[in-house]
There are 2 protein chains.
Amino acid sequence: MKKQNNCIDILKKAGYKITPQRLELLKALSGEKMQTAEELHKIVISNQPNVSLDTIYRNLHILQQLNIITETKLGDSKSRFKFSSNEHNHHMVCIKCGCSVELDFCPMELIKDKINNKKFKVTDHNFEIFGYCSNCS
Amino acid sequence: MKKQNNCIDILKKAGYKITPQRLELLKALSGEKMQTAEELHKIVISNQPNVSLDTIYRNLHILQQLNIITETKLGDSKSRFKFSSNEHNHHMVCIKCGCSVELDFCPMELIKDKINNKKFKVTDHNFEIFGYCSNCS
DNA sequence: TCCTAAATAATAATTATTCTTATTTATATC
DNA sequence: GATATAAATAAGAATAATTATTATTTAGGA
């Protein structure tokens, strides 16, 4: 709930309007699971039947640009979304239920000096661990 | 060239036929760049004009199942393919030209004990560094 | 050389996502 | 509170990557 109010402020400050569709999407995004646009759409239309999938996508992009949510691609070709955590971090993602556990460290910190001697200008990195969470294993 | 002969043996042993299309695809796959199915298709049809894109995809899947090639997804929604290296390893991928530099270490080795105490059964992991290679920066 | 299962080309279908357009609405201003 | 307007929306069409279908061709063993 705290998160959602935060988001509303961020949206307002960025000049976006607070529409019922956006509020429903923010509600749907709460929860640990990384959800696809379609899953989020289903949740949203259970409360707000006429919201189009296009609106979900459009707003997911906006929320992403504002760093409110984060996108990840697993093995299948769908994108999945979740509230960003405030800090930079990585996850262990359950390949069965899709839930994720945040890691309390970043491997880049550990290996920085190992790659500094290579002539490659690093701009970003990606680290994810896959497996089964305690419920699914 | 060594690699290609290897692949032919692997394909034969697995009961696959050695077709000119497959040979052309293997030729096209040599080179450091991670290439999309479409890029590979273009190379193939420059020598073998009637090969269909479908054939490229079908054979990429086969080569992947045999661990001959590896698939990666960058930011865009296309898959990219490259010969697997024999050992398990990770890459620094250039976001401009798509070339990749192999890392000589795996971060999982460094952090194993950090995650063993979490109740999560690890089956796989993904680690990639993005940036600009020496030619592109 | 011939037979047969596997592979192929061509094309249609599918899936996730994005675009177009006409309509509706949140909000700033009166 | 009414209203003007730019932004947001719904509906449906379009796109892009990939996969499925089917009739035809071919690699490789008998």
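Note: hydrogens, waters and symmetry copies are ignored here, and every other heavy atom, side chains too, is used. For clarity, every value in this text was computed on a predicted model and none was experimentally measured. Labels below follow one simple rule: chain letters A, B, ... track the order of the sequence lines, proteins then strands, and each chain is numbered from 1.
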Legend entry - Residue pairs fulfilling salt bridge (charged side-chain N to carboxylate O under 4.0 Å, His left out) with at least one residue in residues 38-59 of chain B, sequence neighbours excluded: B:Asp54-B:Arg58

Inset, instruction - Give a yes/no answer on whether the side chain of B:Ser79 brings an N or O atom under 4.0 Å of OP1 or OP2 in D:dT18. - result: yes

Inset, instruction - Would you please name every residue forming a side chain to side chain contact (heavy atoms under 4.5 Å, CB included) with B:Ile18, sequence neighbours left out? - result: B:Ile8, B:Leu11, B:Lys12, B:Leu23

Inset, instruction - Taking ring pair (Phe, Tyr, Trp, His ring centres under 6.0 Å) as the test, write out the residues that go with A:Phe127, two or more places apart. - result: A:His90, B:Phe127

Inset, instruction - Quick one: list whatever passes salt bridge (Lys or Arg N to Asp or Glu O under 4.0 Å) with B:Glu24, sequence neighbours left out. - result: B:Lys27

Inset, instruction - Return the residues of residues 48-61 of chain B meeting this criterion: a heavy atom under 4.0 Å from some atom of DNA chain D. Order them by number, or give none. - result: B:Leu53, B:Asp54, B:Tyr57, B:His61

Legend entry - Donor + acceptor pair across side chains of A:Ser79, A:Glu71 (<3.5 Å): yes

Inset, instruction - Mind calculating the distance between CD1 (A:Ile45) and P (D:dT9) to the nearest angstrom? - result: 16 Å

Legend entry - Rounded distance in Å - CG (B:Leu26) to C1' (C:dA7): 15 Å

Inset, instruction - To the nearest Å, give me how far apart CG (A:Leu11) and P (D:dA7) are. - result: 15 Å

Legend entry - Nucleotide D:dT18, atom P - distance to NZ of A:Lys78 in whole Å: 16 Å

Inset, instruction - Check the distance between D:dT15's P and B:Glu38's CD and give it to me in whole angstrom. - result: 15 Å

Legend entry - Degree of bending in the helix from C:dT1-D:dA30 to C:dC30-D:dG1 once both end axes are built from five pairs, to 10°: 30°

Inset, instruction - Calculate the interatomic distance between A:Arg80 atom CZ and C:dT15 atom C1'; express it in whole Å. - result: 14 Å

Inset, instruction - Quick one: list whatever passes side chain to side chain contact (heavy atoms under 4.5 Å, CB included) with B:Ile43, sequence neighbours left out. - result: B:Ala28, B:Gln35

Inset, instruction - Could you walk me through whether B:Phe83 and B:Thr70 pass the side-chain contact (heavy atoms from CB on, under 4.5 Å) test, one step at a time? - result: CA-CA 6 Å; B:Phe83 275 121; B:Thr70 308; over 6 Å; no

Inset, instruction - Using a 4.0 Å heavy-atom cut-off, write out nucleotides 22-30 of chain C from 5' to 3' as B (base contacted by protein), S (sugar-phosphate only) or - (no contact). - result: ----BS---

Legend entry - B:Leu40 and B:Leu60, any side-chain heavy atoms less than 4.5 Å apart: yes

Inset, instruction - With sequence neighbours excluded, tell me which residues meet ring pair (Phe, Tyr, Trp, His ring centres under 6.0 Å) with A:His91. - result: none

Inset, instruction - For B:Leu25 and B:Thr55, run side-chain contact (heavy atoms from CB on, under 4.5 Å): C-alpha distance rounded to whole Å, both residues' side-chain angles, the deciding distance at 0.1 Å, then the answer. - result: CA-CA 10 Å; B:Leu25 178 56; B:Thr55 293; over 6 Å; no

